[in-house]
A.B. asks: 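Have a look at the structure that comes next, please.
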Amino acid sequence: MGWQRALWLGWLASAGLGCSSNASSSPSTSAPIDKIEHAVTPLVQGAKATLTPKPIHPPRLASFPRFTEVAQALGVEFTYANGATGRSLMVEATGGGAGWLDYDGDGLLDLYLCQGGNPASEHREQEPLDQLYRQVEPGRFLATTSPAAITETQYSQGVAVADFDDDGFDDIYITNVGADTLLHNAGDGTFVDVTATAAVSNPLWSSSAAWGDLDGDGDLDLYVCNYVDYDPYHPLACGSDGHPGTCHPMHMTAVPDECYFNQGDGTFTAESQQRGLFGPENKGLGVVIADFNDDARPDVYIANDTTANFLFINQGDGHFVESGYLLGCAVSRDGHPQASMGVAFGDYDHDGRFDLYCTHFTKESNTLYRNIGQHGFQDVTGIVGLHQPTLSKLGFGTIMADFNQDGHEELFVTNGHIDDWRYKGDDWEMEPQLFSFEGPRFVECSTQAGEFFSQKHVGRGVARGDFDNDGDWDLAVVHQNAPTAILQNDSQRGHWLKVLCNAKGNRRGWGTRIVLQQGTKELTNELVGGTSYCAAHEAAMIFGLSDAASPVILKVRWPDGSRQIIENVAVNQTLTLRQPRGEPTP
């Protein structure tokens, strides 16, 4: 069939960025990190950690990433209330999203946090608001929900952030149980609800969402994961042993995801069905928009709950073909669908191909799909030592990154059950986990990562951002009915490079791919939509370079497919790249 031939040719054509032009831009750079860190203001009095300079040298062999929980010290005091009253309404199990953004354009990350409340309230206007925290100066956040004119009182699940109209200001899409909300950034510190005029209300129960240029027309489209048909006002009664319990997804009717295509005039059209962005028994919870076969076209991966996951391969003509089974990332190694929640994205083995890590229910273990090129993906969970450590956990948000920049990727997972089954001997609140890839296997390093990893919570969304502008990843971790955590990265670390991108028609550069070359070493990264669970991340790429301090070469492939080589780039700095505005380079 024609689509199969196109699919395999796309995989066979993955030849890197060797065709790039030697024309290089004059990228703007920030001050060296030592100047940045000495310039910032310390945290508020009584903080557990301060923004002090970190050593830039390779970590000791036994040194793993370390984090300090600093939310209260920063001024972020927030709890996601799921409204549980003992009825075990199904929607109570899934909420708790977070998103990093710079909504006021001052160079400091701000934080949007979804809120729940009573899921069966007849008066939504009386329910608690989602919250926006502005970082007013380095290390100090203030709640600015009211000044920003945010009045979102729906039963919120997750958040996706992008500048959809390319006016220079980050906009916010909130997924809800019921109609979703699109907040347009007015550029004056306030937001305007444009859901109706933009035509993106999506009246179903949605979870994660992601932005990306799916049709290659230069503007950002929106993919929204929908879960199941469930009415919290007239709920199905579920449970076992005489105890109320969360309904199993297999007892619920699946509802299709939706994809909204940007018309360039502030409006969108729902086109998932005609574009091929649908599959059987869809129960979407996690999403990634990324180029998995290196053909310069974004594909879409969906983590489904108890049904096979989807991988929609972009055919280049505005249409997609679902290929999850064909390419080996739909089910587990033994052929069974799993209860997929969140999904992490990265290149853990540094082979230039992007891998996927899905979090699952207890007794299933999480799954690592290794990208093996033209043949798709391989479930290598057991081979790399990730099966046994997660069998007793129920995972949601997850991040793959080199947190201490020693050249090894790590996996962070937040855990927590959907039901309080302690009477059965099961954990309800659970510790988070951290794994480091030490090649050829992952090693759990949770006990070395800080006090936070010994504490139990019901974890949900995890968002990645460098809130202190020191060049490494910090995390926002949302817990149900307990304070949201902000984990400041205090790792002893190696050399690094942080890159921000400004693409044509896409000022945060979503879809940009960079291959960093340093001597014989190559590291590949892409600014992708979605990942984790119900979360939005800072639009940046950070490369960990271990003990190598020599300048690097950046091979850039912009979202429109044009390519650029930038040579002699110094490390240990934050670099902003701006796409040349001339004709694309073939």
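Computed from a predicted model, the values in this text were never measured in an experiment. Just the heavy atoms: all of them, side chains too, but no hydrogens, waters or symmetry mates, feed the values below.
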A.B. asks: Restricting to disulfide (SG to SG under 2.5 Å), what partner residues turn up for C247, sequence neighbours left out?
C.D. replies: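 Counting only residues at least two positions away or on another chain, C247 forms a disulfide (SG to SG under 2.5 Å) with C238.
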A.B. asks: Check whether any side-chain N or O of D402 sits under 3.5 Å from a backbone N or O of G407 as a donor-acceptor pair, and report yes or no.
C.D. replies: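 Judged by distance alone, yes, a pair lies under 3.5 Å.
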A.B. asks: Before giving the answer on side-chain hydrogen bond (donor to acceptor under 3.5 Å, both in side chains), spell out for Q480 and N82 the whole-Å C-alpha distance, their side-chain angles and the decisive distance to 0.1 Å.
C.D. replies: CA-CA 6 Å; Q480 289 198 337; N82 73 347; 3.2 Å; yes
A.B. asks: Measure the OH-CG distance between Y260 and L222 for me, rounded to the nearest 0.5 Å.
C.D. replies: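 Answer for the OH-CG pair, Y260 versus L222, is 7.5 Å.
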A.B. asks: Do the side-chain N and O atoms of T531 and H537 include a donor-acceptor pair separated by under 3.5 angstrom?
C.D. replies: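 A pair is found: one side chain offers a donor N or O, the other an acceptor, under 3.5 Å apart.
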A.B. asks: Under 3.5 Å, is there a donor-acceptor pair linking the side chains of S546 and D406?
C.D. replies: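 Judged by distance alone, the side chains do not pair up.
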A.B. asks: Would you call V443 and H408 a side-chain contact if the rule is heavy atoms closer than 4.5 Å?
C.D. replies: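 They are not in side-chain contact.
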A.B. asks: Looking only at heavy atoms, what is the nearest atom pair of S272 and C259, with distance?
C.D. replies: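 That closest heavy-atom pairing would be CB-N, 3.6 Å.
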A.B. asks: Quick one about N226 and N282 (side-chain donor to acceptor, distance below 3.5 Å, no hydrogens or angles considered), yes or no?
C.D. replies: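 The criterion, which ignores hydrogens and geometry beyond distance, is not satisfied for N226 and N282.
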A.B. asks: Any sub-3.5 Å donor-acceptor pair from E322's side-chain atoms to G324's backbone N or O?
C.D. replies: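 Yes, E322 side chain to G324 backbone: donor-acceptor pair under 3.5 Å.
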A.B. asks: Is a donor on one side and an acceptor on the other found under 3.5 Å between the side chain of N366 and the backbone of H360?
C.D. replies: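 Yes.
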A.B. asks: Given side chains that start at C-beta, do those of V413 and T390 come closer than 4.5 Å, heavy atoms only?
C.D. replies: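 The answer is no, as the side chains (C-beta and beyond) never meet within the 4.5 Å cut-off.
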A.B. asks: Less than 4.5 Å apart, any side-chain heavy atom of F354 and any of V528?
C.D. replies: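 In short, these two side chains do not touch, never coming nearer than 4.5 Å.
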A.B. asks: Is a donor on one side and an acceptor on the other found under 3.5 Å between the side chain of N371 and the backbone of F292?
C.D. replies: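 Yes.
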A.B. asks: Hey, does Y301 have a side-chain heavy atom less than 4.5 Å from the side chain of N309?
C.D. replies: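 Side chain of N309 against side chain of Y301, heavy atoms only: contact under 4.5 Å found.
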A.B. asks: Search all heavy atoms of R370 against all heavy atoms of D351 and return the closest pair with its distance.
C.D. replies: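 Nearest pair, atom of R370 first, then D351: NH2-OD2, 3.7 Å.
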A.B. asks: State whether a side-chain donor-acceptor pair under 3.5 Å links D347 with T524.
C.D. replies: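 Side chains of D347 and T524: no pair found under 3.5 Å.
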A.B. asks: Salt bridge or not for D166 and R507, using N-O below 4.0 Å?
C.D. replies: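 Result for this pair is yes, salt bridge flagged.
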A.B. asks: Looking only at non-hydrogen atoms, find the nearest pair between Y230 and M90 and report the distance.
C.D. replies: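 What the structure gives for the nearest pair is OH-N, 3.0 Å.
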A.B. asks: Just by distance, do the side chain of T267 and the backbone of D265 share a donor-acceptor pair under 3.5 Å?
C.D. replies: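 Answer holds: no.
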A.B. asks: Is the backbone of L368 close enough, under 3.5 Å, to the side chain of T381 for a donor and an acceptor to pair up by distance?
C.D. replies: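 Yes: the side chain of T381 pairs with the backbone of L368.
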A.B. asks: Looking at residues at least two apart in the chain, or sitting in another chain, which of them share a side chain to side chain donor-acceptor pair (under 3.5 Å) with R464?
C.D. replies: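 None.
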A.B. asks: When you measure from the side chain of Q433 to the backbone of P389, do you find a donor-acceptor pair of N or O atoms at a distance under 3.5 Å?
C.D. replies: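 At least one qualifying donor-acceptor pair exists.
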A.B. asks: Closer than 3.5 angstrom, by distance alone: can the side chain of N304 be matched with the main-chain N or O of K283 as a donor-acceptor pair?
C.D. replies: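 Such a contact is found between N304 side chain and K283 backbone.
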A.B. asks: Which residue, D170, D171, D213, forms the salt bridge (charged side-chain N to carboxylate O under 4.0 Å, His left out) with R508?
C.D. replies: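 Single pass found, and it is D170.
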A.B. asks: Taking the side chain as everything from C-beta on, heavy atoms only, tell me whether W510 gets closer than 4.5 Å to I289.
C.D. replies: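 No. Closest side-chain heavy atoms not under 4.5 Å.
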A.B. asks: Heavy-atom distance under 4.5 Å between the side chains of L311 and F377, does that happen here?
C.D. replies: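 Sidechains of F377 and L311: in contact.
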A.B. asks: For the ring pair F361 and H417, is the centre-to-centre distance below 6.0 Å?
C.D. replies: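 Here the rings of H417 and F361 have centres that are less than 6.0 Å from each other.
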A.B. asks: May I ask you to check whether over 12 heavy atoms, not counting those of K521, lie within 6.0 Å of atom NZ?
C.D. replies: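 Enclosed.
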A.B. asks: Can you tell me how far the CD1 atom of I542 sits from the CZ atom of F403, to the nearest 0.5 Å?
C.D. replies: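 Rounded to the nearest 0.5 Å, the CD1-CZ separation comes out at 10.0 Å.
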A.B. asks: At their closest point, which heavy atom of Y227 faces which heavy atom of V255, and how far apart are they?
C.D. replies: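 Result for this residue pair: O-CG2, 3.4 Å.
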A.B. asks: Centres of the F164 and F268 rings: under 6.0 Å?
C.D. replies: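 Yes - the distance between ring centres of F164 and F268 falls below the 6.0 Å cut-off.
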A.B. asks: Could you list the residues that satisfy ring pair (Phe, Tyr, Trp, His ring centres under 6.0 Å) with F442, not counting sequence neighbours?
C.D. replies: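 Applying ring pair (Phe, Tyr, Trp, His ring centres under 6.0 Å) to F442 gives Y348, F437.
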A.B. asks: Between R297, R353, R513, which is the residue that forms a salt bridge (charged side-chain N to carboxylate O under 4.0 Å, His left out) with D291?
C.D. replies: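 Only one of R297, R353, R513 forms a salt bridge (charged side-chain N to carboxylate O under 4.0 Å, His left out) with D291, namely R513.
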A.B. asks: I need the minimum non-hydrogen distance between T307 and P337, along with the two atoms involved.
C.D. replies: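 Looks like C-CB, 3.6 Å.
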A.B. asks: For T367 and D379, test the side chains for any donor-to-acceptor distance below 3.5 angstrom and give the result as yes or no.
C.D. replies: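 No, no side-chain donor-acceptor pair sits under 3.5 Å.
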A.B. asks: Can any side-chain N or O of D419 pair as donor or acceptor with the backbone N or O of T246 at less than 3.5 Å?
C.D. replies: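 Side chain of D419 to backbone of T246, a donor-acceptor pair under 3.5 Å: yes, one is there.
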A.B. asks: Any side-chain to backbone donor/acceptor pair from E364 onto A339? Under 3.5 Å, distance only.
C.D. replies: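 Judged by distance alone, yes, a pair lies under 3.5 Å.
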A.B. asks: Which atom names give the shortest non-hydrogen contact between D163 and L220, and what distance separates them?
C.D. replies: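 Minimum heavy-atom contact is O-CD1, 4.1 Å.
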A.B. asks: Taking the six-membered ring of F320 as reference, does the cationic atom of R275 (NZ for Lys, CZ for Arg) lie under 6.0 Å from its centre and within 45° of its axis?
C.D. replies: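 No, R275 does not lie over the aromatic ring of F320.
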A.B. asks: Heavy atoms, side chains only, cut-off 4.5 Å: are W205 and Q157 in contact?
C.D. replies: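 Side chain of W205 against side chain of Q157, heavy atoms only: contact under 4.5 Å found.
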A.B. asks: Just so I know, are the side chains of D257 and L277 near enough to count as touching, which here means a heavy-atom distance under 4.5 Å?
C.D. replies: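 They are not in contact (no side-chain heavy atoms under 4.5 Å apart), so the answer is no.
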